[in-house]
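One-based numbering, in listed order, for ligands and for the atoms of each.
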Amino acid sequence: IIMDGNGRWAKKHHLPRLSGHEAGRKSVKRVVQAAIDHGVRYLTLYAFSVENWQRPREEVQGLMGLLRGVIREELSEMSKEGIRLRTIGRRQDLPEAVREELESAIEKTKGHTKLDLILALSYGSRVEITEAMQGMAREVKAGKLDPDQIREETVAEHLYTHGIPDPDLLIRTSGEMRISNFMLWQISYAEIVVTPVLWPDFGEEDFAKALADYAARDRRFGGI
Ligand code: IPE
Ligand code: IPE
Ligand code: MG
């Protein structure tokens with residue numbers, strides 16, 4: 001899910017942007033619960049892009065603080081629900097306090113198998129692909145990888161998402177018809193649902209509706 005529209009929601013309610021992000025946090029809780037209820041096995045939330053570092057310092061700091069609080073406050077609930085927390089993205093870019101909170105939660109939830117909740121943090125698809133290429137080039141140089149043996153699977157194994165299946169469904173809230181550097185490789189054949197609903201207003205029913213839209217699609221994968 002590309003969780004978009006927190007700023008517009010705040011503006012609409014004459015509130016600071018950070019209040020929009022705080023309201024968005026409640027949507028995360030609702031949607032994670034809805035995903036579990038609907039039997040979704042993997043849920044990836046685009047929470048912070050590499051491009052988002054360009055936002056005003058105040059907003060970036062607010063988001064990082066919020067993130068740290070969410071991980072800390074939701075850890076016991078995640079464990080109770082059988083959620084495994086994972087991340088994709090440049091974790092090394094995150095402030096140390098956030099990283100520590102994350103790493104501890106990842107470690108504590110790693111045995112859970114009900115839902116993999118994957119947070120895309122300091123995530124960018126192009127940097128992900130670039131780093132994968134660097135990794136493969138290093139292996140070629142070290143004589144561990146034969147260029148002629150590079151398959152699509154080899155590339156996939158070098159991405160942040162190795163071991164995570166490609167998404168079947170991509171949801172974007174707040175109506176923007178763009179991908180914004182999210183999982184370019186992985187969404188090759190994903191079904192896309194764009195809803196005008198702003199992320200803080202997105203709830204269980206909107207999630208169920210996106211799943212129903214998805215279920216009604218005829219996925220052909222290039223066949224007939
Ligand atoms: C999405 O909401 C959350 C993040 C990108 C962190 P925005 O903050 O992009 O909200 P809009 O697009 O300005 O409404
Ligand atoms: C995409 O939203 C990134 C996240 C939801 C984290 P943005 O608001 O950053 O994307 P643009 O700027 O509208 O493309
Ligand atoms: Mg936005």
Check: N/O to N/O below 3.5 Å, does that happen between R178 and ligand 2?
Finding: yes
Checklist line | Any Q54 heavy atom less than 4.0 Å to ligand 2 | finding: no
Note to self: Below the 3.5 angstrom mark, is there an N/O of E176, backbone or side chain, next to an N/O of ligand 2?
What the structure shows: no
Notebook entry, point to check: Tell me, which protein residue and heavy-atom name are nearest atom 5 (C) of ligand 1, and how many Å apart are they?
Noted result: R55 NH2, 3.4 Å
Note to self: Using a 4.0 Å cut-off to any heavy atom of H21, which atoms of ligand 1 qualify?
What the structure shows: 3 (C), 8 (O)
Margin query: Tell me the contacting part of K12 for ligand 1: side chain, backbone, both, or neither, using a 4.0 Å heavy-atom threshold, strictly below.
Written below: neither
Check: Where's the contact between R172 and ligand 2, heavy-atom distance under 4.0 Å: side chain, backbone, both or neither?
Finding: side chain
Check: Among side-chain atoms of S104 and K108, is any donor-acceptor pair under 3.5 angstrom?
Finding: yes
Check: Do the side chains of Y214 and Y46 join up, straight or via other hydrophobic residues, at under 4.5 Å, putting them in one cluster?
Finding: no
Check: Is the backbone N or O of S174 less than 3.5 Å from a side-chain atom of R8, with the two atoms forming a donor-acceptor pair by type?
Finding: yes
Notebook entry, point to check: Which residue supplies the protein heavy atom nearest to atom 14 (O) of ligand 2, what is that atom called, and how far is it?
Noted result: S180 OG, 2.6 Å
Checklist line | H112 and E81: side chain donor to acceptor below 3.5 Å | finding: no
Check: Donor-acceptor pair, T109 side chain versus S79 backbone, under 3.5 Å?
Finding: no
Item checked: Atom indices of ligand 1, in the order listed, that fall short of 4.0 Å to a heavy atom of R8 -> 11 (P), 12 (O), 14 (O)
Item checked: Flag side-chain contact, heavy atom, 4.5 Å: H158 against I150 -> no
Item checked: atom 6 (C) of ligand 1: the protein heavy-atom neighbour that sits closest, reported with distance to 0.1 Å -> A47 O, 3.4 Å
Checklist line | Side-chain donor-acceptor contact under 3.5 Å, R172 with S180 | finding: yes
Item checked: N/O/S atom of E176 inside 2.8 Å of the Mg ion (ligand 3), strictly under -> no
Margin query: Just to be sure I'm reading this right: ignoring hydrogens, which of D4, L198, I2, L63 gets closest to atom 7 (P) of ligand 1? Compare them by their nearest heavy atoms.
Written below: D4
Note to self: In this structure, would I88 and I2 fall into the same cluster of hydrophobic residues linked by side-chain contacts under 4.5 Å?
What the structure shows: yes
Margin query: So for ligand 2, is S49 a polar contact partner (N or O within less than 3.5 Å, distance only)?
Written below: no
Check: Quick one: does ligand 2 sit under 4.0 Å from the side chain of F48, the backbone, both or neither, non-hydrogen atoms only?
Finding: backbone
Item checked: Heavy atom of G5, distance to ligand 1 below 4.0 Å -> yes
Check: Which word best sums up how the rings of H13 and W9 line up, parallel for under 30°, tilted for 30 to 60°, or perpendicular for over 60°?
Finding: tilted
Note to self: Once you restrict to heavy atoms under 4.0 Å, what part of M3 touches ligand 2? Side chain, backbone, both or neither.
What the structure shows: backbone
Check: For atom 9 (O) of ligand 2, what is the nearest protein heavy atom, given as residue, atom name and distance?
Finding: N52 ND2, 3.0 Å
Notebook entry, point to check: Is there a donor-acceptor contact under 3.5 Å linking the side chains of E128 and Q186?
Noted result: yes
Notebook entry, point to check: Shortest non-hydrogen contact from A47 to M3?
Noted result: CA-CE, 3.7 Å
Check: Counting N and O atoms only, with roles assigned by atom type, does the side chain of R217 sit under 3.5 Å from a partner on the main chain of I192, one being a donor and the other an acceptor?
Finding: yes
Next item on the list: Identify the protein heavy atom lying closest to atom 2 (O) of ligand 1, giving its residue, its atom name and the separation to 0.1 Å.
Entry: N6 N, 3.2 Å
Next item on the list: For atom 10 (O) of ligand 1, find the nearest protein heavy atom and state the residue, atom name and distance (0.1 Å precision).
Entry: G7 N, 2.9 Å
Notebook entry, point to check: Do you know which N/O/S atom name in D4 is closest to the Mg ion (ligand 3)?
Noted result: OD1
